[in-house]
Amino acid sequence: MAEEQKKVRFVIERQDGPNDKPYTQEFDVDYRPGLNVVAALMEIQKHPVTVDGKRVAPVTWECNCLEKVCGACMMVINGKARQACCSLVDKLDQPIHLAPARTFPVIRDLLIDRSVMFESLKRIQGWVEIDGTWEVKDAPIQNPYTAATAYEISHCMTCGCCLEACPNVGPQSDFIGPAPTVQAYLFNLHPLGKFDAPKRLNALMGKGGITSCGNSQNCVEVCPKNIKLTTYLAQLNRDVNKQALKNIFNH
Amino acid sequence: MEEARQQTVDEFEKILQMNGPENAHQLHHELGDIMYKYVSVERDNDGLAECVEELKKILKRWDNIGITDRGHWANQEAMFVRQLRNMIIYAMAITQSALQRDESRGAHAKIVLESDYAKLDDDQKAALQKKYGQFHFDKETGRGMTDDGNNDLVFFERNDKQFMRTTIVTFDKEHEAPVVSYREFEHSLIKPRLRNYAVAKKE
Ligand code: SF4
Ligand code: SF4
Ligand code: FES
């Protein structure tokens, strides 16, 4: 006799629209080796029936790359913010609880709107001017002493895990959060980007800026790209203070 | 413009009403399996012809999709149903043009079948002899294989004379089938050469 198919139970927090009340539904998915949370959600799409046999609308969520580089699939899995595409079922306690990352506005089910991070990147000028502001000529090389750091921070995929985990990001504060703040550090290291460093540091002063960080270290714990966020937050804090002093003496 | 908008809206509303037994995501999975089986890096004309037939069936089955989500807010299921039809049509375009292109180009390698070999001209046959030495055709699959004991597959050469052209595929809505034609492109300034990463390019 064939062995009975092993099932994995998912308890999913759903919500029909931004202003609707959340509710939970449970689904069973056939177990297979290597199964991850995105693959399981895809199985639910193929067979959107709850454990009580109710046919429902398939769960809504977002994913693109399926290899931890795009950031889209961030959700709260068993209480922790992480990427669904690289969360292996074998390494999770069952039943597996999925919920949207409520630091961000929920669009529907597990689908969230992370555009606030994009706005913050605009605030800190998360780019390098190459539009003729000054002459570029041949591209300058990265400083070899800081290239490894720049490489590390450039891995940020704006997933928002760190914002979800940070106790100081939320309705109670304007803090733009660790990811966009640390991006300022990256662009200040850049051989062309550094010319705009004062702009970025000034953008990190005041409301929602770096002083909102309480150094609770949650962000660095959850970053799927292992970016040493708190290390760079500390260095930026020093840079911001230096800039503040400069601002005083230049007046 | 308004007309085009309305057309798309109508199309979407029609999808929201679909009530058949097929699940779009399941159908998509099958589409992937079929393409992987027949239109992968190594392909042959028998497989491609079979694939054309399989895809026709998939396109028919698209009409029998049923959806569970009939809402208008962030309805990923309905969006997917709409995209899936286009994916099937693209798959048909890819397969039909691959079927008509009797050559290997870029990363795509077409295996020479016994039935293909009969249609080659003498130069083409000689080129294959030169490259592969003696070869035979497998009894079961009809695929060309070398006689040197390794049974290495025999592939079509690149055929610039006939196929260094852009493939244009249009979709014949009435017969629900792709129609292939070719267009010349500008290459008078650069001499075509084989894509070969084993040697440094000279020009
Ligand atoms: S260290 Fe700062 S940014 Fe990181 S989680 Fe704590 S408060 Fe948030
Ligand atoms: S810093 Fe890490 S956790 Fe935060 S958005 Fe970037 S990749 Fe995600
Ligand atoms: S799908 Fe891109 S990070 Fe998960």
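Residue numbers start from 1 in every chain, and the chains themselves are labelled A, B, ... in the order their sequence lines are given, proteins ahead of strands.
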Measure the [atom1]-[atom2] distance between [X] and [Y] for me, rounded to the nearest 0.5 Å.
{"X": "B:W73", "Y": "A:T60", "atom1": "CH2", "atom2": "OG1", "value": "11.0 Å"}
{"X": "B:Q26", "Y": "A:E43", "atom1": "CD", "atom2": "CD", "value": "8.0 Å"}
{"X": "A:Q45", "Y": "B:T68", "atom1": "CD", "atom2": "OG1", "value": "10.0 Å"}
{"X": "B:Q76", "Y": "A:I107", "atom1": "CD", "atom2": "CD1", "value": "9.5 Å"}

For this session: Measure distances from B:H28 to the heavy atoms of chain A and classify the residue's part below 4.5 Å as side chain, backbone, both or neither.
Result: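 No part of it gets close to chain A.
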Problem set entry | Which atoms of B:N23 approach chain A - backbone, side chain, both or neither, heavy atom under 4.5 Å |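 Only the side chain of B:N23 comes within 4.5 Å of chain A.
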Exercise. Do you know which of A:P18, A:P48, A:G17 has the most heavy-atom pairs with chain B at a distance under 4.5 angstrom?
Worked result: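 Max contact count across the listed options: A:P18.
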For this session: Quick one: which of A:R108, A:H47, A:R55, A:M42 has the most heavy-atom pairs under 4.5 Å with chain B, could you say?
Result: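 Ranked by heavy-atom pairs under 4.5 Å with chain B, first place is A:R108.
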For atom [atom1] of [X], decide whether the heavy atoms of other residues, nucleotides or ligands shown that lie under 6.0 angstrom number more than 12.
{"X": "A:K7", "atom1": "NZ", "value": "yes"}
{"X": "A:E221", "atom1": "CD", "value": "no"}
{"X": "B:Y36", "atom1": "OH", "value": "no"}
{"X": "A:Q5", "atom1": "CD", "value": "yes"}
{"X": "B:H29", "atom1": "NE2", "value": "no"}

Problem set entry | Under 4.5 Å from a heavy atom of chain B, the part of A:D16 involved |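 Backbone of A:D16 only, per the 4.5 Å heavy-atom cut-off to chain B.
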Problem set entry | Results of ring pair (Phe, Tyr, Trp, His ring centres under 6.0 Å) for B:H175 - residues two or more places apart only |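 Per chain and number, B:H175 pairs via ring pair (Phe, Tyr, Trp, His ring centres under 6.0 Å) with no residue.
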For this session: Identify, with sequence neighbours excluded, every residue that meets side chain to side chain donor-acceptor pair (under 3.5 Å) alongside B:T95.
Result: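 Side chain to side chain donor-acceptor pair (under 3.5 Å) check on B:T95 returns nothing, list empty.
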